[in-house]
Amino acid sequence: MAAHVQTGKNYINEFAGLKSWLCSLDHKRIGVMYAIAVGIFFLVGGIFALLLRTELFSAGPTIMGANTYNQVMTYHGAVMVFMVIIPGIPAVLGNFFLPLHIGAKDVAFPRLNLLSWYVFMAGSILAISTLFTSKIDTGWTFYTPYSIRTSTATVTMVVAAFIMGISSILTGLNFIATTHTLRAPGMTMGRIPLFVWALYSTSILQVLATPVLGITLLLLVAERTLGIGIFDAALGGDPVLFQHFFWFYSHPAVYIMILPAMGIISEVITTFSRKTIFGYTAIAYSSLGIAAVSFFVWGHHMYVSGQSEIANVIFSALTILVGVPTAIKMFNWTATLYRGSIQFTTPMLYALGFLFLFAIGGVTGIMLALIGLDVHFHDTYFVVAHFHYVMVGGVLMALMSGMFYWLPKMSGKMYQESWARISFVFTFIGFNVTFFPQFILGSMGMPRRYFDYLPMYESLNRISTIGSYMIGFGFVVGLITVIRAIYSGPPAPANPWGGKTLEWTVASPPPHHNFDVEPVITAGPYEYR
Amino acid sequence: MWWLSLAKASSFAPTQATKIAAEWDSLYQFLLVSSLVACALLIGGMIYFVTKYRRKTNHDKTPYISHNSMLEFIWSFVPLVLFLMMFVWGWSLYYDMRTVPSNAKEVHVYGQQWLWQFEYKNGKKLNNEFVVPVGVPVKLIMTSKDVLHSFYVPSFRIKQDVIPGRYTDLWFQAEKLGEFHVFCTEYCGLDHSKMLAKLKVVPLEEYETWLATTTELTGGPGAQIYNDKGCVACHSLDGSPKVGPSFKGAFGKNSMMDDGTEVKVDENYLRESIVNPNVKTVKGFPKAVMPSFQGQLSEEDLTAIIEFIKNQK
Amino acid sequence: MSTDNKAMGRKHHFAHHFRSAEHEYESAKQGIWLFMATEILMFGAIFAAYAIFHSLYPSMFAEGASHLDWRMGFINTCVLLVSSWTMAMAIQSLQSGKGKNAAPYLIVTLLCGAGFMVIKYLEYTHKFHLGLYPGKWFTYEGAQHSNLALYFSFYFVMSGLHGIHVLLGMGLITWVLIRTMRGEFDEHYYTPVEGVGIFWHIIDLIWIYLFPILYLIG
Amino acid sequence: MAYHRFNLDLFISNSLLNWLGGTMASHQSTHHVIPAKVFVIILGILLVLTVLTVVFHSMQLGSLAAPVAFIIATTKAVLVMAYFMHLKYDTTINKMIFGTAFFFVALLFILCVIDIATRIPVQSTL
């Protein structure tokens with residue numbers, strides 16, 4: 001570390017100019033470019049969310065008509081799922097820290113890594129371009145036969161999703177090869193940090209699940225252009241088969257979203273309790289376990305879709321199995337706090353917020369896994385509340401926690417603690433105010449994707465809309481804090497939090513080639529003695 | 001059971017109008033209470049640890065506890081057993097939901113874009129509302145005429161998708177009299193949120209007499225087609241525009257198309273708009289939403305419906 | 001050790017983030033095999049859909065298959081098998097130091113690929129001539145089953161997607177052929193050729209299953 | 001003093017994790033080269049099997065036709081994978097990667113068939 005401290009060279013100022021960024025093969029720069037793209041798309045998705053909630057403030061048309069509402073609802077889902085939360089943690093924080101965590105100079109295929117970014121940008125721009133043509137109103141799930149009949153720009157959006165899928169496959173492929181072959185000497189699979197275990201399981205899901213989405217979307221395009229009739233009942237096809245193929249990808253996709261978040265939580269809770277993780281092997285194995293079992297459970301999205309009763313029962317039993325490893329992880333994190341020395345920095349606050357919200361998301365997930373209950377809850381706001389608790393409460397809280405935890409390392413600047421805490425408080429309270437009433441709305445039977453609702457649901461929807469503004473404010477404050485820190489924050493030391501993983505042994509921001517001398521690993525990642 | 005009464009206050013599910021709804025509520029309340037207990041343990045434990053083990057100095061020494069096999073086994077095996085118990089209870093409830101009693105009365109349900117149609121065995125048809133006897137099992141045989149819909153009665157805790165090209169069934173036995181909401185819960189396009197229906201539960205005798213009376217719709221055969229073919233879902237008779245323009249006073253007037261041309265509303269314009277609706281669209285109305293009725297309407301049906309539209313002054 | 005291609009081509013040096021050429025080769029091979037896994041999954045899903053619909057409409061699928069000319073399919077299978085052999089020989093000759101005759105093998109593979117596409121072109125035009133288009137464009141009269149179009153939807157989607165992959169493979173082989181002729185590969189460095197070779201074998205593998213399922217059983 | 005201070009609890013996990021790590025870092029010095037003669041034999045077998053497929057088809061086996069054709073196609077596929085794609089002489093990780101792909105395709109097919117085959121058809125009684 002001493003060598004380049006005198007020269008003041010790091011991955012940001014080693015080369016200058018836009019071209020050096022856009023053609024950079026450095027995994028750290030590609031991570032930063034992903035961060036900018038995902039950040040912008042997160043704002044776009046957030047604006048759609050606020051439009052949505054404002055419309056639902058009161059019964060009857062408030063600020064838009066039914067057609068516009070259906071489009072806003074679809075864009076909120078599609079932008080958030082395909083462009084924010086699937087690439088979010090793996091592409092931003094994963095690209096930046098996977099090589100640093102395993103003591104490597106770069107990912108296995110740097111050129112493929114840059115190609116993934118360009119493919120992702122091409123897909124995203126094509127998806128956003130549908131906003132200016134005839135938009136889409138099919139819901140982010142593109143269920144047939146409606147997605148075949150509607151006259152909106154579904155083909156463009158589906159091709160865009162296909163292209164983003166390719167980017168996701170290439171990232172997953174890159175990370176698996178990196179984890180397998182580029183670990184530093186002595187870094188056995190039993191000594192890699194849990195964030196790397198999480199990314200490894202996520203990459204397995206990305207490589208094995210996304211191709212099936214690819215062929216499903218291609219068939220949907222062929223359905224609209226050639227009318228092939230596989231998913232269209234009018235020609236003898238079976239719409240439920242589309243749901244099978246779609247959810248075969250989309251349930252592993254929700255684990256592509258949550259597993260990296262769990263990896264960050266393992267890192268943050270360990271560092272800020274200054275205590276080794278409790279049950280390293282259990283957490284590593286449950287990441288792999290979740291990745292494996294996630295391929296068996298997709299049928300729980302289709303309990304009332306005309307799926308046979310026997311298949312329903314089988315899928316319900318398998319869904320129960322996937323609940324167990326998740327519960328194990330929650331218990332292990334809580335046990336890590338026991339007799340630790342806990343420091344309430346913002347990353348830790350967000351991580352504790354994750355534990356709180358993901359616990360509620362988890363128990364409601366078990367409720368939805370039981371077929372008897374799901375018949376009433378399916379496609380109501382109970383399901384909307386459940387997946388927002390695990391996605392916003394889980395993945396985005398972990399993304400913010402990871403962002404603040406690694407901002408000193410990525411930018412070399414410290415953020416302002418007070419403003420960051422304000423953003424946490426608003427996000428956390430606003431989140432509960434928005435989505436807890438939706439559990440009640442759901443059990444009262446309010447269906448989802450409704451532009452207009454019966455008057456009896458109005459008061460709870462009002463509370464929910466107010467809450468959504470609080471979340472919006474919280475995330476915007478968080479974003480401003482990050483940007484202000486990057487431009488005018490005080491310089492950050494190499495190891496501001498006392499972390500034990502490898503990225504804290506290099507300077508902040510790290511040099512272009514990561515490690516001056518290749519580290520030799522002799523012990524586990526969390527050695528708090 | 002004490003926990004039942006505790007949970008009853010906190011469960012916000014709508015009124016229990018069938019025995020299955022009662023069973024459903026007891027499972028839901030059990031899960032509510034056990035979730036409350038689980039969250040209290042987990043989150044309470046977290047808050048307790050976080051407050052008790054706050055960082056005192058910057059050089060705190062923490063014990064090196066890497067794992068505890070017994071504890072880890074317990075908190076893996078116990079949740080598994082608990083979840084499997086809940087799964088079996090959920091399964092038995094689902095079993096009751098899906099076994100249709102043999103003596104059930106049958107009602108046929110047709111879902112189409114933004115309208116529910118009900119048909120009884122004696123040919124009685126009506127839109128967006130239907131009547132069932134209390135205390136008698138009723139079986140719904142459902143299919144869709146265009147895209148996916150889903151028949152959902154919150155007070156009965158029943159839901160089943162309605163799929164084009166295939167029949168799906170659903171059964172219930174209403175125990176309470178009164179009127180209950182029916183929603184469509186599978187996204188089906190523009191007026192997905194307007195696709196509501198009313199389910200009236202009446203005593204058996206009243207149901208029998210209601211079934212026997214055939215209400216004669218005023219306005220001749222055209223009115224019947226206006227209801228059966230679902231025109232009512234998008235075209236109103238009182239002048240208010242819905243998904244499509246209203247029929248009131250439409251005939252004989254010149255109306256502006258969305259491509260700016262002016263067209264006189266006469267027989268062949270109406271005939272063309274029914275058989276091939278996407279050719280001309282009235283200004284201000286969504287394009288390519290109306291399905292084509294090519295081959296669904298016989299010649300005299302077509303003239304009857306055009307006649308019906310003509311005398312909507 | 002053929003010295004002349006050393007003089008012509010640059011000596012390959014492994015990338016900075018690898019410890020040795022062997023290390024780079026090993027991770028490159030893993031990357032290639034991971035990509036092959038995604039290809040198998042994509043085609044596997046469409047085969048699964050085919051099998052499901054085959055069991056739903058068995059007689060209609062049999063009628064569909066009767067319209068196909070199995071002789072064309074048979075020739076195409078043999079053409080692809082030979083091209084797989086020449087591809088394997090290209091890599092084998094590079095590995096055993098006889099780098100000079102790698103290029104001819106690659107050229108023969110390209111020609112076989114082109115032959116495959118020509119035969120497929122003839123099949124397609126013959127079907128279009130009869131009106132056996134996929135899905136809603138289906139204008140063939142005299143079909144015993146009303147939804148025969150569904151069979152031809154599967155036929156054109158599966159063989160079309162496979163055809164696109166053959167074209168992609170031929171593009172990759174051309175790229176590798178140019179680099180071979182520039183003498184960039186020898187017995188120590190031939191990873192791109194092996195990668196393209198494995199991709200070509202996957203295409204052949206998929207056609208090995210496509211031929212009996214589409215043309216014979218139906 | 002690089003002794004191993006970090007003890008993994010379950011013994012099995014330690015050996016499996018390190019085995020997983022071990023295979024990946026193994027360095028073969030020279031790559032196995034298959035003699036040209038073997039390739040010619042493999043090509044011959046493949047062509048013969050293709051002819052066999054057509055012969056069996058023309059024998060009108062009826063319900064047996066599909067399994068027979070599938071078995072022949074699978075043997076041809078295995079031959080191509082083992083020899084032409086060098087999978088026979090490749091590291092175990094690459095074999096595992098390629099094997100899991102087939103496993104998950106089979107999983108998708110089986111669970112879809114479980115649903116479609118066990119649907120109880122409902123008829124309209126109008």
Side-chain angles (χ1 to χ4, degrees), chain A residues 66-67 70 139 143 145-146 149-151 233 239-240 274-276 278-280 282 304-306 309 313 316-317 320 323-324 327-328 330-331 334 337-343 352 355-356 359-360 363 366-367 370-373 375-376 378-380 440 443-445 447 449-452 528-529, chain B residues 11-14 24 27-28 31 35 38-39 42-43 45-46 49-50 53-55 60 62-67 72 75-76 79-80 83-84 86-87 90-91 93-94 97-98 147-148 150 152 154 157-161 163-166 168 183 185-193 286-288:
Chain A
N67 202 15
N70 289 341
Y143 271 14
Y146 183 74
R149 288 226 162 54
T150 173
S151 63
V240 182
R274 196 192 285 272
K275 173 170 172 292
T276 187
F278 183 90
Y280 171 94
V304 287
S305 71
E309 284 73 15
V313 170
S316 179
I320 290 293
V324 175
I328 290 171
M330 292 292 285
F331 296 133
T334 315
L337 300 171
Y338 171 66
R339 290 180 65 195
S341 144
I342 289 152
Q343 185 188 13
L352 297 174
L355 279 183
F356 181 93
I360 297 173
V363 288
I366 294 297
M367 288 186 198
L370 310 182
I371 333 165
L373 290 186
V375 167
H376 177 64
H378 182 72
D379 263 343
T380 65
I440 303 164
S443 47
M444 285 160 67
R449 293 177 172 173
Y450 256 34
F451 156 70
D452 188 8
Y528 292 96
R529 282 293 158 171
Chain B
S11 99
F12 293 90
W24 188 92
L27 173 58
Y28 176 47
L31 264 161
S35 303
C39 284
L42 195 62
I43 297 166
M46 175 187 80
F49 286 156
V50 158
Y53 301 108
R54 260 200 318 281
R55 181 164 296 185
D60 290 356
T62 58
Y64 187 84
I65 311 169
S66 68
H67 69 284
E72 288 183 61
W75 71 34
S76 318
L80 179 66
F83 292 167
L84 285 175
M86 295 174 193
F87 156 69
W91 182 5
L93 177 62
Y94 184 66
M97 283 178 176
R98 294 305 295 172
V147 291
L148 291 180
S150 186
Y152 173 45
R157 316 287 189 275
I158 52 168
K159 180 186 287 133
Q160 183 62 42
D161 272 19
I163 303 161
R166 194 182 126 196
T168 49
F183 294 118
T185 44
E186 187 57 62
Y187 179 68
C188 57
L190 187 65
D191 270 357
H192 166 55
S193 52
K287 244 185 109 51

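Note that the coordinates shown come from a computational prediction; the quantities given were computed from them, not determined experimentally. Numbers restart at 1 for each chain; the letters A, B, ... are given by sequence-line order, proteins then strands.
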*Could you tell me which portion of B/Y152 (side chain, backbone, both or neither) has an atom closer than 4.5 angstrom to a non-hydrogen atom of chain A?*
side chain
*Answer yes if the ring centres of B/H192 and A/F451 are under 6.0 angstrom apart, and no otherwise.*
no
*Close side-chain approach of A/I371 and A/E309, heavy atoms under 4.5 Å*: no
*Examine whether an atom of A/T150 lies under 4.5 Å from a heavy atom of chain B, and if so say whether it belongs to the side chain, the backbone or both; otherwise answer neither.*
neither
*With only heavy atoms counted, which part of B/L84 is less than 4.5 Å from chain A, the side chain, the backbone, both or neither?*
both
*asked:* Just so I understand: if I count every heavy-atom pair under 4.5 Å between each of A/V313, A/V324, A/N67 and chain B, which residue has the most?
replied: A/V313
*asked:* Please classify the contact of B/R98 with chain A as side chain, backbone, both or neither, using a heavy-atom distance under 4.5 Å.
replied: side chain
*Hey, does the side chain of B/W75 reach the backbone of A/F331 with a donor-acceptor pair shorter than 3.5 angstrom?*
no
*asked:* I'd like to know which of A/G340, A/A359, A/S151, A/A233 tops the heavy-atom pair count under 4.5 Å against chain B.
replied: A/G340
*asked:* If we ignore hydrogens and angles and just use 3.5 Å, is the side chain of B/T62 paired with the main-chain N or O of A/R274 as donor and acceptor?
replied: yes
*Is the distance between the ring centroids of B/Y187 and A/Y146 less than 6.0 Å?*
yes
*Is chain B contacted by the side chain of A/I366, its backbone, both, or neither, given a heavy-atom distance below 4.5 Å?*
side chain
*With a 4.5 angstrom heavy-atom cut-off, could you sort out which part of A/I342 is near chain B: side chain, backbone, both or neither?*
both
*Judged by modelled atom types alone, do B/T185 and A/D379 share a side-chain donor-acceptor pair under 3.5 Å?*
no
*asked:* Heavy-atom pairs under 4.5 Å with chain A: which of B/G165, B/C188, B/S35 has the most?
replied: B/S35
_Please tell me whether A/Y338 and B/Y53 form a close aromatic pair, meaning their ring centres lie under 6.0 Å apart._
yes
_Proximal component of B/L80, with respect to chain A [non-hydrogen, under 4.5 Å]_ = both
*Sort out for me which of A/R339, A/H378, A/R449 touches chain B most, counting heavy-atom pairs under 4.5 Å.*
A/R339
*Against chain A, label B/M97 side chain, backbone, both or neither, depending on which of its atoms sit under 4.5 Å from a heavy atom there.*
side chain
*So which of A/A327, A/A66, A/A317 has the largest heavy-atom pair count under 4.5 angstrom toward chain B?*
A/A317
*Quick one: does B/K159's side chain have a donor or acceptor within less than 3.5 Å of a partner on B/S150's backbone?*
no
*Would you find a donor on one side and an acceptor on the other, under 3.5 Å apart, between the side chain of B/R166 and the backbone of A/G306?*
yes
_Quick check on A/R149 against chain B: is it the side chain, the backbone, both or neither that has a heavy atom closer than 4.5 Å?_
side chain
*So which part of B/I65 gets closer than 4.5 Å to some heavy atom of chain A, the side chain, the backbone, both or neither?*
both
*Interface moiety of A/Y143 toward chain B, non-hydrogen atoms closer than 4.5 Å*: side chain
*With side chains defined as the heavy atoms from C-beta onward, is the minimum distance between B/R157 and B/P14 less than 4.5 Å?*
yes
*Measure A/P239 against the heavy atoms of chain B and call it side chain, backbone, both or neither at under 4.5 Å.*
side chain
*Please determine, among B/P164, B/P63, B/P79, the option with the most heavy-atom pairs under 4.5 Å with chain A.*
B/P63
*Is the backbone of A/F278 close enough, under 3.5 Å, to the side chain of B/H67 for a donor and an acceptor to pair up by distance?*
no
